[in-house]
Amino acid sequence: MKDRIKELKEKFSAQLGTVYDQKSLEELRLAFLSKKGHVSALMSELAKLPGDQKKEAGALINSFKQEISAHFDEKMEQIRKAEEERLINSAESYDESLPEERARGSYHPITLVQRELEDIFGSMGFDVEDYSEIVDDYHCFEALNIPPYHPARDMQDTYYLSTPNQLLKSHTSAAQNSIMHKYGPLLKEKGRPIRAVFPGRCFRNEDIDACHENTFFQMEGIMIDKNISISNLIYFMKTMLSEVFERDVTVRLRPGFFPFVEPGFELDIQCLICGGKGCSSCKDSGWLELCPCGMIHPNVLKYGGINSEEDPYEYTGFAFGLGLTRLAMMKYGVKDIRTFNEGDLNALSQFVSK
Ligand code: FA5
């Protein structure tokens, strides 16, 4: 039995030396350790030995079996490591100093302009407020001195929901009443002026062209305190526009009618695309209506809980409604307003904030 095992050990060592992958190692394992393998054959031979030789032969076979099992485990570990190294070395190499090629998202130009304005007004002490897109008739019209059947409603036809009295806001002015109620107590009790801007998406049933969309953005602003006058309004408008355009812009004020301001104005900006000569963006007028504004009507201040019936002029204030989408057109030289809603990433991903 000793010679037989010695012979098998040499055979095993020779064959193990030629094994380099898991498949051939498994074949070798089966040849030695399976039911039909060499070790089983040794066990059959053991059964035929005389009784006094069985113990010693059995111990030899067991130790041979343990020895070759240990060799199998060791070889298997070597093969796994070699395979791992091969995969690592064959993997596509990369250079970590190379710039990343993955396309990154970008902010929509209207978001960029909105944030810029929020910073500008924030630096002038204005709070930035958010407001819902679905509003009721009272906030969108009645609280703004536009009672039912008032002809001014025709200028802002919007979309009505099937839920009674719910509509998509046609202008950011719809937030004025809520903001007056929110900050009014601070004004009256602590003397803290109301200064707030509220950007938002607006909707109108509109014939769409190069400068009109059915979905667009405005940014509303109000300031209310004692002795607020048109001079304050003009100062804030001029400061804001010169910061946004980073240059002198030509503006003009025209009388404008909005039931919620008295007096009311239209602040126009000279078209920055054609320099005032006239183009499709400004409907050949050379001017773009950018920011209607005015002094808040006493009725609106009363509905907002700011002034009492007895003293309707205790506090005064101004309001403006900036066309954010039009401002983005001017700032970035976008000739057609539809570009903003078309979702064309080539067009929309080119803009960066300053
Ligand atoms: C208003 O919406 C008033 N709420 C603004 C206001 C606020 C006046 C406070 C006085 C005091 P108007 O309908 O003119 O006003 O719209 C304001 C601005 O929104 C316009 O100057 C224009 O820049 C922009 N705008 C209006 N309609 C559209 C549209 N269909 N597409 C793109 N921009 C529009």
Side-chain angles (χ1 to χ4, degrees), residues 109-110 113-114 117 131 135 139-141 143-146 150-159 168-177 179-180 194 196-224 228 230 232-234 236-237 240-241 244 251-269 271-272 281-283 285 287-297 299-301 304 316-331 334-341:
I110 292 174
V113 175
Q114 179 182 320
L117 282 173
Y131 200 65
V135 296
H139 287 90
C140 202
F141 299 117
L144 290 164
N145 205 27
I146 313 175
H150 191 288
R153 290 197 177 208
D154 292 348
M155 297 190 294
Q156 296 193 12
D157 186 16
T158 181
Y159 301 92
L168 298 182
K169 73 170 188 274
S170 55
H171 56 169
T172 41
S173 305
Q176 278 193 20
N177 183 269
I179 287 170
M180 287 179 200
I194 300 180
V197 284
F198 26 109
R201 187 184 271 125
C202 304
F203 308 84
R204 285 188 199 176
N205 181 11
E206 197 83 81
D207 284 337
I208 294 171
D209 58 28
C211 58
H212 289 86
E213 256 290 6
N214 54 21
T215 305
F216 58 96
F217 284 79
Q218 290 183 343
M219 182 183 261
E220 187 99 354
I222 55 172
M223 178 167 185
I224 304 170
I228 296 293
I230 295 172
N232 299 105
L233 167 66
I234 292 170
F236 279 105
M237 291 294 100
M240 181 270 294
L241 287 170
V244 170
V251 295
R252 70 176 185 190
L253 272 184
R254 289 179 287 124
F257 173 70
F258 300 92
F260 35 97
V261 282
E262 181 56 40
F265 307 102
E266 286 286 359
L267 186 144
D268 297 340
I269 174 173
C271 183
L272 295 173
S281 307
C282 59
K283 286 195 172 162
S285 69
W287 293 93
L288 235 111
E289 180 190 307
L290 189 71
C291 186
C293 48
M295 300 305 292
I296 303 175
H297 194 286
N299 282 352
V300 176
L301 289 169
T316 51
F318 66 76
F320 60 87
L322 190 66
L324 213 52
T325 307
R326 297 241 178 105
L327 189 69
M329 286 174 80
M330 288 289 104
K331 184 170 167 69
V334 174
K335 293 192 178 65
D336 195 316
I337 196 169
R338 287 164 282 204
T339 311
F340 291 128
N341 286 354

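Sequence positions, counted from 1, serve as the residue numbers for this chain. What you see is a predicted model; the values in this text were computed from it and never measured. When a ligand or atom number is given, it counts from 1 through the structure's own listing order.
- With N177 contributing its side chain and H139 its backbone, the two residues share no donor-acceptor pair below 3.5 Å.
- At a 3.5 angstrom cut-off on N or O pairs, E206 counts as close to ligand 1.
- Across all non-hydrogen atoms, the minimal contact from T158 to S170 is CB-CB, 4.0 Å.
- In this structure, the protein non-hydrogen atom closest to atom 3 (C) of ligand 1 is F260 CZ, 3.7 Å.
- Checked by atom type and distance alone, the side chain of N341 never pairs as donor or acceptor with a backbone atom of E213 at under 3.5 Å.
- Side-chain contact between M329 and T339 is absent, with no heavy-atom pair separated by less than 4.5 Å.
- Contact between Q156 and ligand 1 is present, with at least one heavy atom of the residue lying under 4.0 Å from the ligand.
- By the neighbour-count criterion of 12 heavy atoms within 6.0 Å, atom CG of D207 is sparsely surrounded, having that number or fewer from other residues, nucleotides or ligands.
- Neither the backbone nor the side chain of N214 comes within 4.0 Å of ligand 1, counting heavy atoms alone.
- For ligand 1, the atoms closer than 4.0 angstrom to any heavy atom of I337 are 31 (N), 32 (C).
- In this structure, the protein non-hydrogen atom closest to atom 24 (C) of ligand 1 is G323 CA, 3.8 Å.
- Residue T325 places every heavy atom at 4.0 Å or more from ligand 1.
- Of all protein heavy atoms, the one closest to atom 25 (N) of ligand 1 is F216 CE1, 3.6 Å.
- For ligand 1, the polar-atom distance check finds an N/O of H171 within less than 3.5 Å of one of the ligand's N/O atoms.
- Contacts between P292 and ligand 1 below 4.0 angstrom, taking non-hydrogen atoms only, involve backbone and side chain alike.
- Taking both residues in full, the closest heavy atoms of M219 and T172 are given as C-OG1, 4.2 Å, listed atom of the first, atom of the second, then distance.
- Among all protein heavy atoms, the one lying closest to atom 20 (C) of ligand 1 is E289 OE2, 3.8 Å.
- Under the 4.0 angstrom criterion for non-hydrogen atoms, F217 is not in contact with ligand 1.
- Interatomic distance, R204 CZ to H212 NE2, rounded to the nearest 0.5 Å: 8.5 Å.
- No close placement of the F320 and F236 rings is indicated, their centers lying 6.0 Å or farther apart.
- Considering both main-chain and side-chain atoms, E213 comes within under 3.5 Å of ligand 1 through a nitrogen or oxygen pair.
- How far CZ of R153 is from CZ of F141: 5.5 Å, rounded to the nearest 0.5 Å.
- By the 3.5 Å distance cut-off applied to N or O atoms, Q176 is not counted among the residues near ligand 1.
- Within the 4.5 Å cutoff, the side chain of F217 has no heavy atoms near those of the P199 side chain.
- Nearest protein heavy-atom contact of atom 15 (O) of ligand 1 is F258 CE2, 3.4 Å.
- The atoms of ligand 1 that sit less than 4.0 Å from any heavy atom of S173 are 3 (C), 4 (N), 7 (C).
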Is there a ring pair (Phe, Tyr, Trp, His ring centres under 6.0 Å) between H171 and F260 once you walk through the steps?
CA-CA 12 Å; H171 56 169; F260 35 97; 5.6 Å; yes
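- Every heavy atom of G264 sits 4.0 Å or more from the atoms of ligand 1.
- The option from R204, E220, R326 that lies nearest to atom 2 (O) of ligand 1, judged by heavy atoms, is R204.
- Around atom 11 (C) of ligand 1, the closest heavy atom drawn from C202, A319, S170 belongs to A319.
- For the atom pair I146 CD1 and C140 SG, the distance stands at 7.5 Å (nearest 0.5 Å).
- Only the side chain of Q218 comes within 4.0 Å of ligand 1, counting heavy atoms alone; its backbone N, CA, C and O stay farther away.
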